[in-house]
Structures are given as structure tokens and as C-alpha cells.
Amino acid sequence: MGKSAAEKPAFATDAVHGGQKPDPTTLARATPVYRTSSFVFKSTEHAANLFALKEFGNIYTRLGNPTTEVLETTVTALEGGAASVAVASGTAAIFNTVITIAKLGDEIVSASNLYGGTYTMFDSILPDLGIVTRFADVKDPSTFEKAINDKTRLVYIETIGNPALDFADISTIAAIAHKHGLPLVVDATFTTPYLLRTIEHGADIVVNSLTKWLGGHGTAIGGIVTDAGTFDWNKPKFKAFTEPDKNYHGLRWAIDLPPELARIAFALRFRTVPLRNLGACLAPDNAWFFLQGIETLHLRMPRHAENALAVAKFLKKHPKAAWVRYPGLEDDPTYKTASRYLKKGFGGMVVFGVKGGRKAGEKFIEALSLFSHLANVGDAKSLALHPASTSHSQLTDEQQLESGLSPDLVRLSIGLEDISDILADLEQALAKI
Ligand SMILES: *Cc1c(COP(=O)(O)O)cnc(C)c1O
């Protein structure tokens with residue numbers, strides 16, 4: 001059965017085409033890299049209209065670029081959102097999201113099981129800027145409700161969090177946020193829009209680190225934020241949207257714009273206030289790398305998930321593995337929740353404990369040969385990290401345990417190699433401890 005031309009393209013078609021169209025000037029089929037800092041104005045009126053948001057167009061690559069715009073349109077389609085803004089890293093996407101919404105004296109409520117850099121940002125950098133984070137337990141959604149107060153401006157979760165890969169009950173947490181008139185911001189990096197479209201479950205803003213599975217080849221750093229276009233910012237507590245913005249001609253983003261633009265007030269303010277004035281823009285070359293990666297996202301993610309499940313099952317039975325966490329293992333503590341949301345696989349991350357603790361963990365990592373020992377995830381190549389001896393080595397064993405990290409924990413990002421070679425490498429490395 002064919003589909004009518006009016007129907008939206010399927011995911012795979014959007015991954016391949018998305019915002020890509022033959023270049024209007026050269027008719028190039030692949031999206032060109034527009035390696036230019038700035039764009040010529042047609043007239044002074046054109047220039048004035050661009051700056052006043054009366055007309056959309058290119059001004060300066062820090063604010064936007066045609067190559068980057070193709071990436072933004074593509075991710076908007078894949079996430080089922082209304083508008084996206086790409087930036088220099090996933091980390092910059094998260095920081096700029098928070099400061100687009102929250103101001104000095106405001107608070108945010110966040111799950112505590114976060115990517116390491118995000119945890120540091122929320123736990124110690126934002127408080128220095130006068131934005132306090134209250135942490136909640138993703139395994140108990142009622143703790144989010146308890147942490148919300150009059151000063152809260154957003155609720156933040158990751159789909160699959162660190163370090164134990166606990167899965168968040170997104171729609172329940174979204175309902176709590178919405179009951180209190182707050183937007184839900186979801187970091188969907190570990191699932192990507194292929195495995196889960198979080199907007200369909202109540203996310204108002206989605207953050208993705210492009211560096212990981214969307215790019216998929218470990219070649220560039222980037223991040224992107226997608227505005228679902230669903231959240232109504234016209235409430236007194238969102239001063240950044242309802243009071244005259246001294247950073248942008250005194251505009252009241254949720255009040256003065258026509259409805260079709262007020263709908264994407266978050267994306268517009270994100271681009272024109274923090275991105276424009278703090279400068280974490282994505283290089284057009286990197287946008288182009290991410291477009292190449294996204295074209296095969298729908299082919300890569302099923303294999304990442306299939307290989308990761310096979311690794312989790314292998315480790316589960318292995319006498320040298322003390323424990324294994326993978327949201328797709330049927331006896332995993334968050335399997336029940338995860339399986340309600342994830343119908344196409346449970347992602348590419350597996351964590352496990354090596355019997356013998358920290359020393360055994362170090363030995364295991366050194367014995368791996370197909371796996372690369374490095375601090376990244378979401379590459380086509382399999383990767384391994386022993387956080388206790390690397391990213392978290394400045395903490396004592398006791399502090400590590402407090403942050404949910406046991407000294408024996410090994411983090412695996414399962415790649416696209418043949419599963420027999422992945423398992424053989426794990427087997428020979430486990431045999432050496
Ligand atoms: C990597 C990562 C980030 C940070 O992204 P960068 O592109 O490295 O800045 C944020 N969240 C998650 C879940 C990540 O894996």
C-alpha cells in the first residue's frame with residue numbers, strides 16, 4: 001500500500017532526506033558546506049527585517065548557517081518537533097536550554113542519574129550563577145513532585161541515565177511537570193529519536209548530543225535542542241518570556257509574537273539570546289558530518305541494540321561478571337518501564353561489574369583489543385571505560401559509591417562490529433583477570 005502525498009514521510013525517509021534539497025544555486029544534490037562567516041544583505045530594509053525577526057534569513061554563522069539549518073530541519077522532523085537549534089556540543093545545548101528559561105534566583109528540578117558533565121553543571125556551576133538544582137530519584141517519580149516549588153522553572157531527565165542505565169518513566173514525570181505548569185526537558189542522547197520520540201510522551205524540549213549515535217562515527221562534537229512547540233510560556237513565572245527582554249529590543253517572547261512564532265518562543269529566544277550573545281555555535285563542517293551520520297541512523301540503531309542485548313546476555317552468564325545492567329534484560333530493575341516505551345530496542349550501552357573490584361576492572365580494560373579504551377559513547381566502534389580509574393578517579397571509593405558508581409563498574413558502548421568478534425574480545429579479556 002502506498003501513502004498519500006499529504007502524509008508525513010516515514011522516519012527512514014526523513015533520516016535520508018529531512019531538510020536536504022538540491023542546492024538552489026548550484027543544484028548540488030548533497031548538502032554543500034556553507035563555509036562562510038557572514039551573508040550579504042539585499043538592502044538596508046532586508047537587513048532591518050532580519051534583525052527584527054520580521055523575515056527569516058542568514059545574517060552571521062554564529063546565529064545560523066544554511067548547512068546547519070538543514071541539520072536542524074532534519075532533527076526537527078525526526079523528533080516530531082516544531083523547531084531545532086544546533087550548537088557546539090551537547091553540553092552547550094543543555095546549558096543554553098537552562099539559561100534560556102531560568103534566571104538568577106530560580107530553581108530547576110532534575111533527575112540525579114545524569115551524564116557526568118551535566119551533573120557538575122547542575123550541582124555546582126548553575127548554583128554559582130544563582131540557579132539552584134533540586135535533585136530527584138528517577139526510580140520514584142513522586143520525588144520530582146516533592147522537589148518542585150514556586151521557584152522551579154523546568155524539570156529535567158535523561159531517557160536512559162548514568163551510571164546504572166535506569167530508564168525514566170517519561171509520561172508520568174511529564175504529567176507532574178505539566179500539573180505544576182512547568183516544561184519537561186529530556187536528554188534523549190542514549191535513545192535517539194529512532195528508538196524513542198519523547199515529544200510523543202510529553203517532552204516539551206528535547207536535547208541530543210550529536211556527538212554520539214546521531215553522528216555515529218566519533219568524528220565531531222555537537223549538540224541540538226528541539227522545541228516541541230507545545231509549551232505555553234505565557235505565565236508570570238517565566239519572566240524571560242513575559243517581561244520585556246532587554247537582550248532583544250524589549251520583546252516579550254510569549255506575548256508580542258504572532259501565535260505561530262510564540263509557539264516556538266523557546267527556540268527563538270535560545271537562538272537570539274544565549275546562542276547569539278554567548279557564542280556556542282556549531283561549525284558548518286560539523287553540521288555536515290552529522291547529516292552524513294543521520295542518513296543511516298535507522299540502520300545503525302537496531303544493530304547497536306541487537307549487539308548490546310547479546311553482550312548483556314553473555315555477561316549475565318559469565319562467571320567473572322558480578323552483575324550486569326541493560327534496560328533490555330528482562331530482570332533489569334527498570335525493564336518494565338523501559339519496555340513500555342522502547343519498542344525498537346534498548347540502546348547500545350551496557351554496564352557491568354567485574355569480580356575483583358577496581359584492580360580487576362583496570363586489568364580487564366587493559367586486556368581488551370577490539371574495544372577502544374576511551375571516554376566517548378555512540379561510535380560505530382565498540383568502546384570501554386572504567387570510570388573508577390579514569391573519569392571519577394579523583395573521588396574516593398566512598399564518594400564514588402555515593403554517586404552510584406561502584407569501583408568494579410565497566411561501561412561499554414557496543415559498536416557495529418560482528419557480534420562474534422565483540423564477544424570473543426570480551427571473553428579473552430575476562431580470561432586475563
Ligand atoms: C555526551 C553526552 C552529553 C554531552 O554531549 P557533548 O556533545 O559531549 O557535549 C550530554 N548528555 C549525554 C547523555 C551524553 O551522552
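Whatever order the structure lists ligands and atoms in, that order sets their numbers, starting from 1.
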Spatial distance of atom CZ (R358) from atom OG (S406) [nearest 0.5 Å]: 10.5 Å
Distance-only donor-acceptor check, side chains R300 and T296, under 3.5 Å: yes
No-hydrogen, no-angle side-chain donor-acceptor test under 3.5 Å, T31 and Q20: yes
Atom 14 (C) of ligand 1 - nearest protein heavy atom and its distance: K212 NZ, 3.0 Å
Protein heavy atom at shortest distance from atom 7 (O) of ligand 1: T211 OG1, 2.6 Å
Residues E417 and R303 bridged, charged N to O under 4.0 Å: no
Salt-bridge present (K139, D166; N to O < 4.0 Å): yes
[X] neighbourhood, listing ligand 1 atoms whose heavy-atom distance to it stays under 4.0 Å:
X: G222; value: 7 (O)
X: D187; value: 10 (C), 11 (N), 12 (C), 13 (C)
X: G90; value: 5 (O), 6 (P), 7 (O), 9 (O)
X: S209; value: 1 (C), 2 (C), 3 (C), 5 (O), 6 (P), 7 (O)

Proximity of F364 and F352 rings by center, below 6.0 Å: yes
Ligand 1 versus T91: contacting region, heavy-atom distance under 4.0 Å: both
Distance-only N or O hit between ligand 1 and E158, under 3.5 Å: no
